[in-house]
Amino acid sequence: RGGAAVRRRADRGRAGRAAGTDDDRLPGQPVDARDLPGGGAQRRRAGRASALRHSLAVRGQPDDGRGSGADGGVADMMRDRTIRLGAGAGFAGDRIEPAVELVEQGALDYLVFECLAERTIAAAQQARQRDPEQGFDPLLLERMRRVLPAARSCGVRIITNAGAANPIGAAHAVARLAREMGLAPLRIAAVPGDDVLPAIEETPLPLIDRPGTTADIRGKVSANAYLGAAPIAQALDQGADIVLTGRVGDPALFVGPMV
């Protein structure tokens, strides 16, 4: 509560440990032991949840003379304004069932699918090169098919970076699906602008990890900037029911609804 994102791990309850929420495996790819969470990762997640609760507490706090640092002011704000965020996916191949449960039973305001990593966006770029209408997460449409009916009936808005290398194409595909399911009209926003490969091809930039420029890298597949929460917030302010992004900072998916 208080905005702490509910994270469901893949294959919880099965034998062995589940892949962590920062796992960037492609669907069907086996777990790599290096991806398993340790104590440090758990501490970082706890710190992020604490920061998220604090962000919610101070947003829009009334000027009541107590000051933003007063314990009473924070507690009152936590009671006065609560945003419920659910994490429906933590990597590209995550299970869909927990997301459906969150929408149906979690009393959510927003459901977030975090599906993108460096390897997955490179694979998405390759898919788009083969077919210009592709390049978004392969499970995007199945996720939408499973959660959209409940999301519409419960008033849950969806935010996801599953647009990958083609957020505009993803938006068109989701719109077609919604019409087929009889769920239209939906307001669907696409957030492009992260793909900087054409820019660095035209104007090489210096490398930061070794001498040389981006022109020295052969066989480049993708180059992406990490966008922030602002375009997500703008899309939501304009009434979007679904926001599909390419590469954004992972926290931006959760901060966007709060700014």
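Computed from heavy atoms alone, side chains included, the values below leave out hydrogens, waters and symmetry copies.
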Ignoring hydrogens and geometry, is there a side-chain-to-backbone donor-acceptor pair from Asp216 to Gly212 under 3.5 Å? no
Decide yes or no for Thr245 and Val243: does some side-chain heavy atom of the first lie under 4.5 Å from some side-chain heavy atom of the second? yes
For the hydrophobic clusters of this structure (ILVMFWY residues joined by side-chain heavy atoms under 4.5 Å, transitively), does one cluster hold both Leu141 and Leu186? yes
Do Ile242 and Arg157 pass the side chain to side chain contact (heavy atoms under 4.5 Å, CB included) test, and can you show the C-alpha distance, the side-chain angles, and the key distance before you say yes or no? CA-CA 6 Å; Ile242 302 172; Arg157 301 162 83 180; over 6 Å; no
Atom CD of Gln125 and atom CD of Gln129: how far apart are they, to the nearest 0.5 Å? 6.5 Å
Are Glu101 and Arg95 close enough for a salt bridge, meaning some N to O gap below 4.0 Å? no
Report yes or no: do Leu205 and Ile217 belong to one cluster of Ile/Leu/Val/Met/Phe/Trp/Tyr joined by side chain heavy-atom distances under 4.5 Å? no
Can you tell me if Arg187 uses its side chain to pair, donor with acceptor, with the backbone of Gln238 under 3.5 Å? yes
Of the non-hydrogen atoms in Ala252 and Gly228, which two are nearest, and what is the gap between them? CB-C, 3.5 Å
Determine the minimum heavy-atom distance between Asn161 and Gly246, stating which atoms define it. CB-O, 3.4 Å
Locate the shortest heavy-atom distance separating Met181 from Pro149; write the atom from each residue and the value. CE-CG, 3.7 Å
Pair Val112-Phe254, side chain to side chain contact (heavy atoms under 4.5 Å, CB included): steps then yes or no: CA-CA 7 Å; Val112 178; Phe254 296 90; 3.7 Å; yes
Any donor and acceptor pair, going by atom type alone, linking the side chain of Asn166 with main-chain N or O of Gly135 inside 3.5 Å? no
Near Glu142 CD, under 6.0 Å, is it more than 12 heavy atoms from other residues, nucleotides or ligands? yes
What is the minimum heavy-atom distance between Thr213 and Pro204, and which atoms define it? OG1-CB, 3.8 Å
Determine the minimum heavy-atom distance between Phe136 and Ala164, stating which atoms define it. CA-CB, 4.0 Å
With a 4.5 Å heavy-atom cut-off, do Met144 and Phe113 have their side chains touching? yes
Start with the C-alpha distance between Leu140 and Leu244, add both sets of side-chain angles, then the distance that settles side chain to side chain contact (heavy atoms under 4.5 Å, CB included), and finish with yes or no. CA-CA 10 Å; Leu140 171 64; Leu244 293 151; 3.9 Å; yes
Report the C-alpha separation of Arg143 and Cys115 in whole Å, then their side-chain angles, then the decisive distance to 0.1 Å, and conclude whether the side chain to side chain contact (heavy atoms under 4.5 Å, CB included) test is met. CA-CA 11 Å; Arg143 293 186 198 281; Cys115 303; 3.9 Å; yes
Side chain proximity check, Ile232 to Leu253, heavy atoms < 4.5 angstrom: yes
About how many Å separate OG of Ser222 and CG of Leu197, when rounded to the nearest 0.5 Å? 7.5 Å
Check whether any side-chain heavy atom of Leu116 sits under 4.5 Å from a side-chain heavy atom of Thr160, and report yes or no. no
Spell out, yes or no, whether Ile158 and Ile96 are grouped together once hydrophobic residues are joined by side-chain heavy atoms under 4.5 Å, including indirect joins. yes
Under 3.5 Å, side chain of Thr203 to main-chain N/O of Ile200, donor-acceptor pair present? no
Validation row: Leu236, Ile159 side chains within 4.5 angstrom (heavy atoms): yes
